[in-house]
2 protein chains.
Amino acid sequence: MNPMTAARSPLSPADRPQLGLRERKKIKTREAIRTATYALIKEQGYDATTVEQIAERAEVSPSTVFRYFPTKEDIVLTDEYDPLMVEELRARPAGEPWIDSLRHVMRLALDGTMAEDPEAIRVRAHLGVQVPAVRARMLESMSETGRMLREAIAERSGLAADSLQVRVYAMSLIGGLMEVSMYWAENGFEGDLRDLVDQALDVLDQGLPTKKP
Amino acid sequence: MNPMTAARSPLSPADRPQLGLRERKKIKTREAIRTATYALIKEQGYDATTVEQIAERAEVSPSTVFRYFPTKEDIVLTDEYDPLMVEELRARPAGEPWIDSLRHVMRLALDGTMAEDPEAIRVRAHLGVQVPAVRARMLESMSETGRMLREAIAERSGLAADSLQVRVYAMSLIGGLMEVSMYWAENGFEGDLRDLVDQALDVLDQGLPTKKP
DNA sequence: TAGCTTTTGAGAGCTACTCTCATTTCATGG
DNA sequence: CCATGAAATGAGAGTAGCTCTCAAAAGCTA
């Protein structure tokens with residue numbers, strides 16, 4: 001799920017001789033652009049950072065930046081994990097309630113990311129709160145993930161993946177999960193994100209705890 | 001709620017002498033810009049329509065267009081209803097389950113819009129499906145509405161409006177409702193949008209119908 | 001090393017959007 | 001009804017994201 005996923009490729013460094021020099025260079029360039037972007041944003045903020053500056057620091061031309069990332073927001077947000085998560089989701093036992101499957105997959109993704117680049121996850125959430133364009137792009141990319149979710153839900157519920165019910169349900173999950181990282185960032189990154197996700201999934205599964213019976 | 005709300009001001013035409021000439025002109029200009037935009041988009045599509053063209057057809061300068069609408073997307077999406085809906089929501093009896101309140105308010109807004117400008121509602125949904133930027137802006141504006149929703153939910157649930165639970169719940173409703181208009185547009189605007197909203201609210205309230213017990 | 005393919009850089013161009021400043025247009029009190 | 005102040009407009013320059021084209025550079029293959 002996007003806002004809480006790794007920035008750096010899981011196949012990260014370029015020290016793998018089985019790939020041709022060309023491929024290795026491409027990976028390096030990608031990383032250079034991202035690193036430069038993160039650094040500049042940390043120094044100057046998102047809006048004040050231009051693609052030209054990013055290109056300069058990454059030692060490539062602006063054209064190349066756009067060749068690697070379709071938009072400036074994508075430099076911050078792209079992750080290579082989503083496809084993996086979908087597989088993982090599909091691999092869960094068919095009898096398992098989808099909320100549990102989701103819980104499992106989310107935790108997996110979060111753990112993986114935390115281990116690899118605990119900074120990125122925070123930076124993203126933070127930018128999501130501050131920069132509308134980034135938040136928008138985040139929602140976009142999450143709703144793409146939502147489309148995949150549909151199928152998993154459909155399989156388990158017996159409903160059609162493109163039925164109104166399944167679509168609404170999937171998108172409501174996405175919306176709820178999105179809000180978690182917003183909440184986390186707005187409250188100074190307090191607490192363990194994974195616990196927050198758990199709580200959110202409880203709400204999404206069972207509704208709000210009824211406090212006045 | 002945004003994507004299904006009126007394009008034209010509920011206080012529409014400029015034939016109200018109690019307002020000064022200045023105010024009446026402003027309303028007229030707003031309408032001229034919106035009308036021009038809708039027409040041009042119908043002719044050429046969203047991306048092919050430039051702000052310059054809009055300005056020309058509306059007989060104002062491009063500067064003026066941006067003075068009235070912060071972004072091009074806003075020309076299509078802005079509505080003056082959201083505040084009204086929040087009031088309406090708050091006016092519902094305190095004992096009523098919020099889902100019913102929401103249902104009521106949504107139906108109200110939809111009926112109002114249908115009566116005033118049945119075209120706009122379709123155009124918006126359609127653009128939401130086709131143009132990522134518009135969809136993004138739609139989501140943005142809906143999540144603003146979601147912030148208001150929080151308070152109504154908080155009042156009725158006894159939880160804090162800014163608690164994780166309430167925020168997640170509110171945003172999941174928003175996500176679900178957003179998906180309705182996407183679904184509607186993608187399926188050729190078949191069926192009554194209000195019925196679809198009703199069905200969506202059922203799902204959001206009770207979860208998916210369990211078809212294999 | 002020669003020839004082919006892919007990647008890159010340079011640069012022109014478009015458009016959304018911002019800002020400034022002079023001009024016009026409305027409002028108002030004498 | 002006109003003079004003065006306030007608000008809205010237009011013109012224009014400027015920025016930045018993003019696209020496209022084309023020629024040079026770099027890696028690949030034989």
Side-chain angles (χ1 to χ4, degrees), chain A residues 14-34 36-37 40-41 43-78 127 131-138 140, chain B residues 14 16-34 36-37 40-41 44-78 127 131-138 140:
Chain A
D15 44 28
R16 255 169 330 162
Q18 78 265 26
L19 286 177
L21 174 54
R22 214 169 239 171
E23 298 301 316
R24 272 177 286 155
K25 260 201 168 171
K26 269 165 85 172
I27 294 178
K28 256 181 160 172
T29 304
R30 253 187 113 77
E31 270 181 20
I33 294 172
R34 253 202 290 246
T37 306
L40 283 167
I41 288 179
E43 292 169 20
Q44 319 174 334
Y46 182 84
D47 286 328
T49 300
T50 75
V51 172
E52 215 167 338
Q53 293 174 326
I54 293 170
E56 198 179 349
R57 180 160 312 192
E59 298 186 285
V60 294
S61 75
S63 324
T64 300
V65 174
F66 285 113
R67 246 182 228 113
Y68 278 81
F69 301 93
T71 73
K72 189 175 148 189
E73 294 103 58
D74 281 290
I75 307 179
V76 180
L77 293 177
T78 337
L127 286 178
V131 186
V134 173
R135 182 169 51 250
R137 191 68 193 69
M138 242 159 98
E140 259 300 297
Chain B
R16 255 168 330 162
Q18 78 266 28
L19 284 177
L21 175 55
R22 212 166 242 172
E23 298 301 317
R24 272 177 286 154
K25 261 200 168 174
K26 270 164 81 171
I27 294 178
K28 255 184 165 170
T29 306
R30 254 188 111 77
E31 271 181 19
I33 294 173
R34 253 202 290 246
T37 306
L40 283 167
I41 287 179
Q44 318 174 335
Y46 182 84
D47 287 327
T49 300
T50 75
V51 172
E52 215 167 338
Q53 293 174 326
I54 293 170
E56 196 180 350
R57 181 162 310 192
E59 297 185 288
V60 294
S61 74
S63 324
T64 299
V65 174
F66 284 114
R67 248 182 225 111
Y68 278 82
F69 301 92
T71 72
K72 188 174 147 190
E73 294 104 58
D74 281 288
I75 307 179
V76 180
L77 294 177
T78 334
L127 285 179
V131 186
V134 173
R135 183 170 53 248
R137 189 70 194 69
M138 242 159 101
E140 258 302 294

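Just so it is clear, the values below take in all heavy atoms, side chains as well, and ignore hydrogens, waters and symmetry mates. Chain A is the first sequence line, chain B the second, and so forth, proteins listed ahead of strands; every chain is numbered from 1.
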Leu21(A) CG to dT6(C) C1', in whole Å, measures 12 Å
Considering only side-chain heavy atoms of Lys25(A), which listed nucleotide, dA26(D), dA7(D), dC17(C), is closest? dA26(D)
Val51(A) side-chain proximity, nearest of dG17(D), dG9(C), dC28(D): dG17(D)
Answer yes or no: does a side-chain N or O of Lys26(B) lie under 4.0 Å from OP1 or OP2 of dA8(D)? yes
Can you find a donor-acceptor pair, distance only, under 3.5 Å between Arg67(A) side chain and dT7(C) base? no
Check: dA10(C) base within 3.5 Å donor-acceptor of Ser61(A) side chain: no
Testing dG17(D), dC17(C), dT7(C) for proximity to the side chain of Glu73(B), the answer is dC17(C)
Checking all strands, does Thr64(A) fall into the base, sugar-phosphate, or nothing category for heavy-atom contacts under 4.0 angstrom? sugar-phosphate
Under 4.0 Å between any heavy atoms, over every strand shown, what does Thr50(B) touch: base, sugar-phosphate, or nothing? Just pick one. sugar-phosphate
Taking any heavy-atom pair under 4.0 Å as a contact, classify Phe69(B): base, sugar-phosphate, or nothing. nothing
dC14(C) C1' sits how many Å from Lys72(B) NZ, rounded? 12 Å
Taking all non-hydrogen atoms of both residues, which atom of Ala133(B) and which atom of Glu73(B) are closest, and how far apart? O-CG, 3.9 Å
Using a 6.0 Å distance limit plus a 45 degree cone around the ring axis, check whether Lys72(B) lies over the aromatic ring of Phe66(B). no
